[in-house]
**Q** 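Structure provided below as structure tokens; questions to follow.
Below, read A as the first sequence line, B as the second, and so on, with proteins coming before strands; counting in each chain starts at 1. Remember, it's a predicted structure, so these values are computed and weren't measured experimentally.
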Amino acid sequence: MDVSYDLLLNAILSGLLLGGFYAAVSIGVAISFGMLDIVNIAHPAFILLGSYAAFIGNSYFGLDPILAAVIALPFFYLLGMAVYQVYYVAFERRDDQSLRGLSFFFGLMFITEVGLVLIFGVDYRLVQARYIGESLRLGPIELPFRLLVPFIVSMVTVVGLQLFLAKTFLGRAIQAVAQDQLALRLMAANPVRIKRIAFGLSIATAALGGAILIIIQPVEPSIGREYIGRVFAICVLGGLGSFSGMVIAAVTLGIVETLTSTLFGPSWAPAVSFGVLLITLAVRPSGILGR
Amino acid sequence: MSPLLHIEKVGKRFGGFVALEGIDLEVKQGERLGLIGPNGSGKSTLVNCICGTLRNETGSVSFDGHKLDGLAAHERTRRGLARSFQLPRPFGSLSLVENVRIPILYTVNARKKGHVPHAGIDARCRDLLGEVGLLAKADRLPKDLTQIEMRKLELARAMAAEPRLLIADEVMAGLSHAEVDEIIALLIRMNGHGVTVIMIEHIMRAVMEVSQRLAVLVAGRKIADGDPKEVVRNPEVVRAYLGE
Amino acid sequence: MASSVASSAKFVLALAVVACAIFFAGRAIGNSYAFFLGYVVVQYIVLGTAWNILGGYTGYVNFGVTAFFAIGAYSTVALYKLMPALPLPLMVLVGGAAAALVGLGTGYLTLRLRGVFFSIATLALAVVVQTLITNWDFVGGARGAYVLRPKMAPLMGGEYVQYLFVIMLVLCVIVLATARAIERSSLGFGFAAIRDDEAAAEAAGVPTLKLKLIATTLSGGFMGMAGAPLPYYVTYLDPTSGFNLNYAVNAIAMPLIGGTSSWLGPVVGAVLVGGLQEVLRVTISSAANVLVAGVLMVVFVIAAPRGIVGLFQGKRK
């Protein structure tokens, strides 16, 4: 196989952009799993819901997919709060998160997927925007806007959330809920309310993540599953709850995946995340368990 | 005679926090040792390192002349170490009899190479429950128990493993005066059966009544070890408890 | 010990009688649709019980049901291409062994960590095994593979689907007998201790890692066995159908709906949900029948955490 230097360089760069996008997909799980200890395996299904929201806004109302996502944000936030409320009442309060709580999210994932199939069918859907299909050219480097725009949106989201968590009272309360519920009570904040807000935020990010997903590639209801391995591999590899670690992990995975599909063919790319996940779990369990 | 439990220079960190540093401790066969210290002084961490729930990073733990380092918790239990948990951790879906049955099936049976006759197990479980006064609730689930009954179940389950060393981790916290007396009597009776006892406790009355020797941990270090009456008068211990 | 062996023998005998009765009732109806339907329901009993050995007894949630099921199915496809004369029961054993090994390997790598990491790893495992199979041309790759179903059943006569049904019934008897024997043995008590409190189980002397590996291996192996006859049942197998999420949802939903604490739960769940799905498929649409398992599962885990069997058991637990 002959792989030219330019091809490799472009693969690495588009891997970098892809990784940036992965960060937006993973940030919701970094919040729910990393900070709230809620293993929301249905998150990729919510991402797809976001993709279809962007699709509706784009194809029926002619909106830019990103704008459609921004409009959808509050609805996703409310949806997330509702899901958390059910989860809290049915599982967290009963201390039955593992078996039944996990199955609950698995059921949600399945219902969402089948629901999307029933409404939209199994055909691939895509969005129209002026920047899709064009590229930024810098010498031998070619950066498609299809990847560049999601990268920028993703980075804005990550930095925005990071600032929110670090600078605001509510953000600090969310970080506290991850570490010390007692301290939170001393701050006179109700942990359940804080967690509900945080989970709402995590689902709200799925609106943006979904919109940039459908900009990058056409979607059909079952592709959400491919993202489960990716999202959790990124969060585990990055160290739970740390945004900077998550971004580094996302970019690493993006580059490794792009190189894999350049060198071995795109059908092998989904296997990469599982490999990364297993190796992380097997080799550095202490890093993962260190909580 | 070599000590039953020999802890040498044991250290443990959590991230940057030093939980234990250079702990040396010996416990003789048949002894009742009290272990005290303020909250966060490392008592439970030490118990976890002895029992294999956590791994100590430095130093070593020997039991009956054999090094335990690297052995999983269940292997240490099989060698004769048993513990109760600070917060009772019963098997919630199993009845009391079945709770006590687990260590018999997995510890006593393994020690005797599978030669525990199945027919006698149920009677043995009920004896153990009877000894701690839980016979009447033998077929109930742990959620039907009161706080003190939970503690008693913890002790019965630990004793079911037929240990040589029992580590009782704050089994009396939150109990009434009369209940504390009950548990004290229970521990002394178990010791009378030849079981060495390490008792971790905040209730000083109980500590003084049970302990033949007293060790004090403060901020992950052992600051005193000796006759209980002398240890509690030790100025360093007094300072650690009462503040500067 | 002797009495438990005798009790197990009686149980197997009773199951065998029931299985024979079902089979001959099917023959008396003389309708191959009955066998096709029966096969699916019994397959789900096997799959649900296999999942429950790990999920229900030890509390470790395996979402990668399709991975194990498809490993069984694709090992049959591979064997069919290599030596088509091999009797199906042997193919079932090979498929089971392959899936059991994958179960052991996945468990070994992830079971020392918190339970959720195992669950996450199994989710990813399903995607990866699908990727591998899609790229494996020998078993058809993405295009899929055809398996020629013989017209007649060997040994017993009648249509081949009857033979498939009998194999699945035998598997079902084996799996149920195993599940029940586990429940009543030290192993079952050890599993329950792990499910309730793993640290306390270790402290009581339970070798938790070893027991969890036994559970993942058994569970994975039985799932592989359940999938092994599939190529002969569908005659055309491609990754999209072999890795259909329905298998995973049904295998998890049925025990949760029926009740996870005893062998009876998955049976009740499979018969009920499987039957309901068939009725919906015939009367309303095939889309509605897929949804029903997912919706029922969510409703049950929220409203009736002990399942149908639990509702009838009264207040003990």
**Q** Please classify the contact of C/L109 with chain A as side chain, backbone, both or neither, using a heavy-atom distance under 4.5 Å.
**A** both
**Q** Taking all atoms of both residues into account, what is the closest heavy-atom pair of A/I111 and C/V298, and its distance?
**A** CD1-CG2, 3.9 Å
**Q** Look up atom CZ in A/R225 and atom CZ in C/F63, then write down how far apart they are to the nearest 0.5 Å.
**A**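 Taking CZ in A/R225 and CZ in C/F63, the distance rounds to 13.5 Å.
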**Q** At a heavy-atom separation under 4.5 Å, does C/F118 approach chain A through its side chain, its backbone, both, or neither?
**A**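 C/F118 has no heavy atom closer than 4.5 Å to chain A.
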**Q** Tell me, side chain or backbone of C/T260 under 4.5 Å from chain A's heavy atoms, or both, or neither?
**A**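 Interface part for C/T260: side chain.
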**Q** Go through the atoms of A/V86 and report whether side chain, backbone, both or neither lie under 4.5 Å from a heavy atom of chain C.
**A** side chain
**Q** Would you compute the distance between atom OG1 of C/T131 and atom CH2 of A/W268 and round it to the nearest 0.5 angstrom?
**A**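 Spacing of OG1 (C/T131) from CH2 (A/W268) equals 8.0 Å.
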**Q** Tell me, side chain or backbone of C/L296 under 4.5 Å from chain A's heavy atoms, or both, or neither?
**A**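 Neither part, no heavy atoms under 4.5 Å.
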**Q** What residue in A/A271, A/S267, A/G229 has the most heavy-atom pairs under 4.5 Å with chain C?
**A** A/S267
**Q** Counting C-beta onward and ignoring hydrogens, is there a side-chain heavy-atom pair between A/L99 and C/Y60 closer than 4.5 Å?
**A** no
**Q** How long is the straight-line distance from CG of C/L245 back to OG of A/S222, given to the nearest 0.5 Å?
**A** 9.0 Å
**Q** With chain A, which of C/G115, C/A121, C/G59 has the greatest number of heavy-atom pairs at distances under 4.5 Å?
**A**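 The option with the most such pairs is C/A121.
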**Q** Heavy-atom cut-off 4.5 Å, strictly under: side chain, backbone, both or neither for C/A293 against chain A?
**A**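 Neither part.
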**Q** Considering only heavy atoms, which portion of C/I302 lies under 4.5 Å from any heavy atom of chain A: side chain, backbone, both, or neither?
**A** both
**Q** Select one option (side chain, backbone, both, neither) describing which atoms of C/V127 are under 4.5 Å from chain A's heavy atoms.
**A** side chain
**Q** Return the minimal non-hydrogen interatomic distance between C/L123 and A/I228, and the atom names on each side.
**A**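 Closest approach of C/L123 to A/I228, heavy atoms only: CD1-CG2, 3.4 Å.
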**Q** Non-hydrogen atoms of chain A under 4.5 Å away: do they reach the side chain of C/T110, the backbone, both or neither?
**A**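 The side chain, not the backbone.
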**Q** Find the distance between CE (C/M297) and CZ (A/F104) and round it off to the nearest 0.5 Å.
**A**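 Going from the CE atom of C/M297 to the CZ atom of A/F104 covers 10.0 Å.
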**Q** Quick check on A/F75: does its CZ atom have over 12 non-hydrogen neighbours (other residues, nucleotides or ligands) under 6.0 Å away?
**A**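 Count not over threshold, so no.
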**Q** Considering only heavy atoms, which portion of A/L118 lies under 4.5 Å from any heavy atom of chain C: side chain, backbone, both, or neither?
**A** side chain
**Q** Tell me whether A/F120 at atom CZ has more than 12 heavy atoms from other residues, nucleotides or ligands lying less than 6.0 Å away.
**A**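 Above 12, so yes.
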**Q** Quick check for you: among C/T134, C/V116, C/V129, which has the greatest number of heavy-atom pairs under 4.5 Å with chain A?
**A** C/V116
**Q** Heavy-atom distance under 4.5 Å to chain A: side chain of C/I120, backbone, both or neither?
**A** both
**Q** Indicate the atoms forming the closest heavy-atom contact of C/A248 with A/F106, along with that distance.
**A** CB-CZ, 4.0 Å
**Q** If you measure from OG on C/S119 to CZ on A/F105, what distance do you get to the nearest 0.5 Å?
**A**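 Going from the OG atom of C/S119 to the CZ atom of A/F105 covers 13.0 Å.
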**Q** Please tell me if the side chains of A/L277 and C/F117 come closer than 4.5 Å, counting only heavy atoms from C-beta onward.
**A**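 The answer is no; the side chains never approach within 4.5 Å.
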**Q** Working to the nearest 0.5 angstrom, can you tell me the gap between C/N135 CG and A/F264 CZ?
**A** 11.5 Å
